[in-house]
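Sharing a structure here in structure tokens format.
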Amino acid sequence: MEVKRVLVTEKAKEVIDELRDRHGPLMFHQSGGCCDGSTPMCFQEGEFRVGESDVLLGEVHGCVFYMAKDQYEYWRHTQLTLDVTPGRGASFSLEIPLGIRFLIRSRVFTQEEMEQLQTL
């Protein structure tokens with residue numbers, strides 16, 4: 001059984017559905033940069049350009065999820081869960097006008113899980 005690098009909560013799925021209804025196909029990127037404060041950012045698919053400096057971690061609720069390669073080096077042993085919380089973030093992410101923001105909850109993989117990770 002393959003272990004996923006990134007999961008999503010039911011509440012986050014509801015927000016993704018609402019945003020998808022408004023904006024069409026979506027994508028996520030987590031950079032660890034200055035403006036987004038290391039929070040995952042939601043964009044219309046294709047609005048954020050990914051390149052060689054980004055790693056595709058997987059898909060959450062029909063949306064691709066990328067992370068900056070340098071950030072990934074720190075988090076490669078960690079399973080991420082996309083969630084939401086009340087409050088306004090300081091980013092350009094699509095959920096901000098809703099008065100909520102996406103966030104990441106994380107935990108370190110077990111050795112057994114590391115051996116069963118999805119191939120990137």
Side-chain angles (χ1 to χ4, degrees):
M1 180 176 164
E2 281 189 328
V3 175
K4 293 183 177 186
R5 291 186 175 276
V6 61
L7 306 174
V8 60
T9 66
E10 290 302 316
K11 183 63 179 165
K13 285 180 183 180
E14 292 172 13
V15 174
I16 290 169
D17 287 340
E18 182 177 349
L19 293 173
R20 189 181 290 127
D21 287 346
R22 292 181 184 196
H23 302 284
L26 305 172
M27 65 179 290
F28 286 89
H29 187 272
Q30 182 157 342
S31 69
C34 65
C35 296
D36 59 19
S38 298
T39 62
M41 294 178 63
C42 181
F43 299 98
Q44 286 180 303
E45 192 172 76
E47 282 292 309
F48 184 90
R49 290 186 180 205
V50 294
E52 291 183 25
S53 64
D54 298 297
V55 176
L56 176 61
L57 296 184
E59 191 175 286
V60 291
H61 199 51
C63 307
V64 291
F65 192 106
Y66 288 90
M67 180 178 277
K69 192 181 289 184
D70 60 342
Q71 184 86 347
Y72 173 73
E73 291 305 316
Y74 290 109
W75 291 40
R76 70 180 334 153
H77 303 292
T78 312
Q79 186 173 57
L80 309 177
T81 301
L82 182 66
D83 201 357
V84 291
T85 190
R88 292 187 52 89
S91 75
F92 306 105
S93 193
L94 291 174
E95 81 282 1
I96 299 303
L98 301 176
I100 57 175
R101 61 186 176 90
F102 287 108
L103 64 99
I104 289 293
R105 301 187 191 283
S106 63
R107 70 171 186 84
V108 175
F109 287 118
T110 65
Q111 183 59 40
E112 182 178 316
E113 289 171 326
M114 288 293 293
E115 295 167 4
Q116 297 174 1
L117 279 174
Q118 277 184 324
T119 305
L120 295 178

Requested in this report: Please report the C-alpha distance between Arg5 and Tyr72 in whole Å, then the side-chain angles of each, then the deciding distance to 0.1 Å, and finally whether the side-chain contact (heavy atoms from CB on, under 4.5 Å) criterion is met.
Outcome: CA-CA 11 Å; Arg5 291 186 175 276; Tyr72 173 73; 3.3 Å; yes

**Report entry** Approximate separation, where rounding is to 0.5 Å, of Lys4 NZ and Gln116 CD
**Finding:** 14.0 Å

Query - Residues in ring pair (Phe, Tyr, Trp, His ring centres under 6.0 Å) contact with Phe109, at least two apart in sequence or another chain - result: none

Query raised in the report: Taking C-beta and beyond as the side chain, do Leu56 and Val50 meet within less than 4.5 Å on heavy atoms?
Result: no

Requested in this report: Output yes when Arg22 and Glu18 qualify as a salt bridge under the 4.0 Å nitrogen-oxygen rule, no when they do not.
Outcome: yes

Query raised in the report: Which pair of non-hydrogen atoms, one from Gln44 and one from His23, has the smallest distance, and what is that distance?
Result: NE2-O, 2.9 Å

Report task. Check Thr81, Thr9, Asp83 against Arg105 for a side chain to side chain donor-acceptor pair (under 3.5 Å) and give me the one that passes. Result -> Asp83

Report summary line: Across all chains, not counting sequence neighbours, the side-chain hydrogen bond (donor to acceptor under 3.5 Å, both in side chains) partners of Asp17 are Arg20, His61

Query raised in the report: Got a second to check how far Leu103's CG is from Leu80's CG, nearest 0.5 Å?
Result: 11.5 Å

Requested in this report: Inspect the surroundings of CD in Glu112 and state if more than 12 heavy atoms from other residues, nucleotides or ligands are less than 6.0 Å away.
Outcome: no

Query raised in the report: Rounded to the nearest 0.5 Å, what separation is found between the CE atom of Met41 and the CG atom of Leu94?
Result: 9.0 Å

Report summary line: Smallest heavy-atom separation, Ile16 atom then Leu26 atom, equals O-CD1, 3.7 Å

Query - Single-linkage hydrophobic cluster Ile104~Val108, side-chain heavy atoms < 4.5 angstrom - result: no

Query raised in the report: Could you give the distance from NZ (Lys11) to CD1 (Ile100), rounded to the nearest 0.5 Å?
Result: 6.5 Å

Requested in this report: Any chance you could measure Gln79, atom CD, to Met114, atom CE, to the nearest 0.5 Å?
Outcome: 11.5 Å

Report summary line: The ring pair (Phe, Tyr, Trp, His ring centres under 6.0 Å) partners of Phe102 (sequence neighbours excluded) come to Phe28

Query raised in the report: Side-chain contact, heavy-atom cut-off 4.5 Å: Ser93 with Thr39?
Result: no

**Report entry** Validation row: Met67, Trp75 side chains within 4.5 angstrom (heavy atoms)
**Finding:** yes

Query - Partner set under side-chain hydrogen bond (donor to acceptor under 3.5 Å, both in side chains) for Thr110, not counting sequence neighbours - result: Glu113

Report task. Side-chain contact test, heavy atoms from C-beta onward, threshold under 4.5 Å: evaluate it for Phe65 versus Gln30 and give yes or no. Result -> yes

Requested in this report: Identify the heavy atoms of Leu19 and Leu98 that sit nearest to each other, and give their distance.
Outcome: CD2-CD1, 3.9 Å

Query raised in the report: Partners of Lys13 by side-chain hydrogen bond (donor to acceptor under 3.5 Å, both in side chains), sequence neighbours excluded?
Result: Glu10

Query - Contacts of type side-chain hydrogen bond (donor to acceptor under 3.5 Å, both in side chains), residue Asp54, not counting sequence neighbours - result: His29

